[in-house]
Amino acid sequence: MNKSFGSLKILPILGIVLILTGYFFLTYQTFKLKERRNVLKKENQELEQLRISKTAEIKKLDSIAGIQKKIIAESADPHTVQEGEILQEKIQNIATSHFTQNKNSENSEEIAERLEAEGYEYLYNRDVENAIKNFTASENAFNGYHQVYEISRFLKQNKAQLSDTKSEFWPAAYRQILQNFSWKMPGGAKEKLQTLSK
């Protein structure tokens with residue numbers, strides 16, 4: 001009887017030990033998760049800076065390529081024109097010299113958001129010309145805003161195929177935009193493009 005009573009006295013102590021062990025384990029896991037979250041946050045910030053940097057580099061290259069194209073086009077020398085056409089093929093230039101680099105502000109971010117939303121509306125309605133204009137204006141209002149720059153470039157690159165609203169390429173274009181340029185894309189835009197891509 002005394003032995004069983006002694007065993008019962010140990011149970012609360014064992015329970016407390018288990019609770020404390022569980023508490024310390026959960027505290028440790030919480031700490032590790034916070035630590036991991038901070039590391040991921042830092043990595044995300046670094047990737048964001050890299051993306052902005054690479055976008056700026058691409059824009060500079062586009063501007064240079066646009067100037068080269070103009071010089072070559074205006075050249076009277078047939079050899080220069082021919083060399084220019086070969087160079088054009090090699091670098092697969094997309095003339096985007098209309099992009100500008102600005103100092104970003106909260107106000108310009110709001111403008112970029114509005115222009116991006118308008119760009120998507122034109123995109124849904126298969127109006128490639130106005131979609132390009134609005135995505136470009138969005139980028140110009142706030143450099144590096146979401147992926148409006150990349151979407152505008154993609155649309156310019158495929159403008160010939162997308163000029164016809166009945167073109168069979170439209171669903172494929174929606175899919176490509178979703179797959180390649182959906183970073184920070186508004187949720188509503190993702191859903192709409194998914195529907196239109198079917």
Side-chain angles (χ1 to χ4, degrees), residues 1-62 96 99-121 123-124 131 134-155 157 171-198:
M1 185 77 177
N2 287 336
K3 281 184 180 180
S4 61
F5 183 71
S7 299
L8 288 172
K9 285 171 78 176
I10 292 170
L11 286 175
I13 296 166
L14 187 62
I16 291 166
V17 169
L18 288 171
I19 288 167
L20 287 172
T21 304
Y23 171 77
F24 286 122
F25 177 76
L26 287 172
T27 303
Y28 174 75
Q29 289 298 318
T30 303
F31 172 76
K32 293 300 286 181
L33 284 171
K34 281 182 181 176
E35 197 176 62
R36 180 66 183 146
R37 185 186 65 183
N38 290 335
V39 169
L40 288 170
K41 190 177 178 181
K42 188 180 176 184
E43 286 176 357
N44 191 42
Q45 287 171 345
E46 287 172 0
L47 285 170
E48 167 68 353
Q49 287 303 315
L50 181 64
R51 190 190 72 82
I52 290 168
S53 169
K54 292 297 178 189
T55 300
E57 283 177 28
I58 291 166
K59 285 165 74 174
K60 283 176 188 175
L61 289 171
D62 282 343
T96 53
F99 283 108
T100 58
Q101 290 188 9
N102 301 314
K103 287 184 179 178
N104 296 338
S105 68
E106 283 184 21
N107 184 48
S108 58
E109 187 171 6
E110 287 173 11
I111 294 166
E113 184 180 4
R114 178 178 56 79
L115 289 165
E116 179 197 40
E118 289 173 10
Y120 280 119
E121 286 299 324
L123 193 63
Y124 307 150
N134 277 268
F135 285 126
T136 301
S138 176
E139 169 62 24
N140 288 342
F142 193 90
N143 295 154
Y145 187 74
H146 298 176
Q147 284 197 284
V148 291
Y149 174 75
E150 291 83 356
I151 293 170
S152 180
R153 277 186 57 137
F154 171 79
L155 293 174
Q157 190 176 15
Y174 292 138
R175 281 193 296 275
Q176 286 185 54
I177 290 168
L178 272 171
Q179 287 167 9
N180 302 316
F181 313 119
S182 61
W183 181 78
K184 289 197 175 181
M185 183 185 282
K190 279 186 184 177
E191 288 172 16
K192 185 77 174 175
L193 290 176
Q194 281 167 352
T195 303
L196 293 169
S197 66
K198 293 174 184 175

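Predicted model only: the values in this text are computed from it and were never measured. Numbers here are sequence positions counted from 1.
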[atom2] on [Y] to [atom1] on [X], rounded to 0.5 Å:
X      : Y      : atom1 : atom2 : answer
Leu178 : Lys190 : CG    : NZ    : 8.5 Å
Leu123 : Glu118 : CG    : CD    : 13.5 Å
Trp183 : Ile151 : CH2   : CD1   : 11.5 Å

- Please step through side chain to side chain contact (heavy atoms under 4.5 Å, CB included) for the pair Tyr120 and Lys192, ending with a clear verdict. CA-CA 9 Å; Tyr120 280 119; Lys192 185 77 174 175; over 6 Å; no
- Message: Testing the basics here: between Ala131 and Gly119, what is the closest heavy-atom pair and its distance to 0.1 Å?
- Response: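 In terms of heavy atoms, the two residues are closest at CB-O, 3.8 Å.
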- Message: Between Phe135 and Tyr149, is the ring centroid distance below 6.0 Å?
- Response: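 Phe135 vs Tyr149: aromatic centres not under 6.0 Å.
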Can a donor-acceptor pair be found, under 3.5 Å and without considering hydrogens, that links the side chain of [X] to the backbone of [Y]?
X      : Y      : result
Ser138 : Ala112 : yes
His146 : Lys184 : yes
Ser182 : Gln179 : no

Measuring only between side-chain heavy atoms, which start at C-beta, is [X] closer than 4.5 Å to [Y]?
X      : Y      : answer
Gln147 : Asn180 : no
Leu115 : Phe142 : no
Tyr145 : Ser108 : no
Glu139 : Asn143 : yes

- Task: Please lay out, stage by stage, how Ile177 and Met185 fare under the test side chain to side chain contact (heavy atoms under 4.5 Å, CB included).
- Result: CA-CA 10 Å; Ile177 290 168; Met185 183 185 282; 3.9 Å; yes
Side chains of residues 15-32: which donor-acceptor partners sit under 3.5 Å, not counting sequence neighbours?
| from | atom 1 | to | atom 2 | distance (Å) |
| --- | --- | --- | --- | --- |
| Thr21 | OG1 | Val17 | O | 2.7 |
| Thr27 | OG1 | Tyr23 | O | 2.7 |
| Thr30 | OG1 | Leu26 | O | 2.7 |
| Lys32 | NZ | Glu35 | OE1 | 3.4 |

- Task: State plainly whether the residues Glu110 and Arg114 are in salt-bridge range, i.e. N to O under 4.0 Å.
- Result: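 No, this pair does not count.
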- Sole candidate of Asn140, Thr136, Asn134 that passes side chain to side chain contact (heavy atoms under 4.5 Å, CB included) when paired with Ser152: Thr136
- Task: List the steps and the verdict of side chain to side chain contact (heavy atoms under 4.5 Å, CB included) for Leu193 and Tyr124.
- Result: CA-CA 7 Å; Leu193 290 176; Tyr124 307 150; 4.1 Å; yes
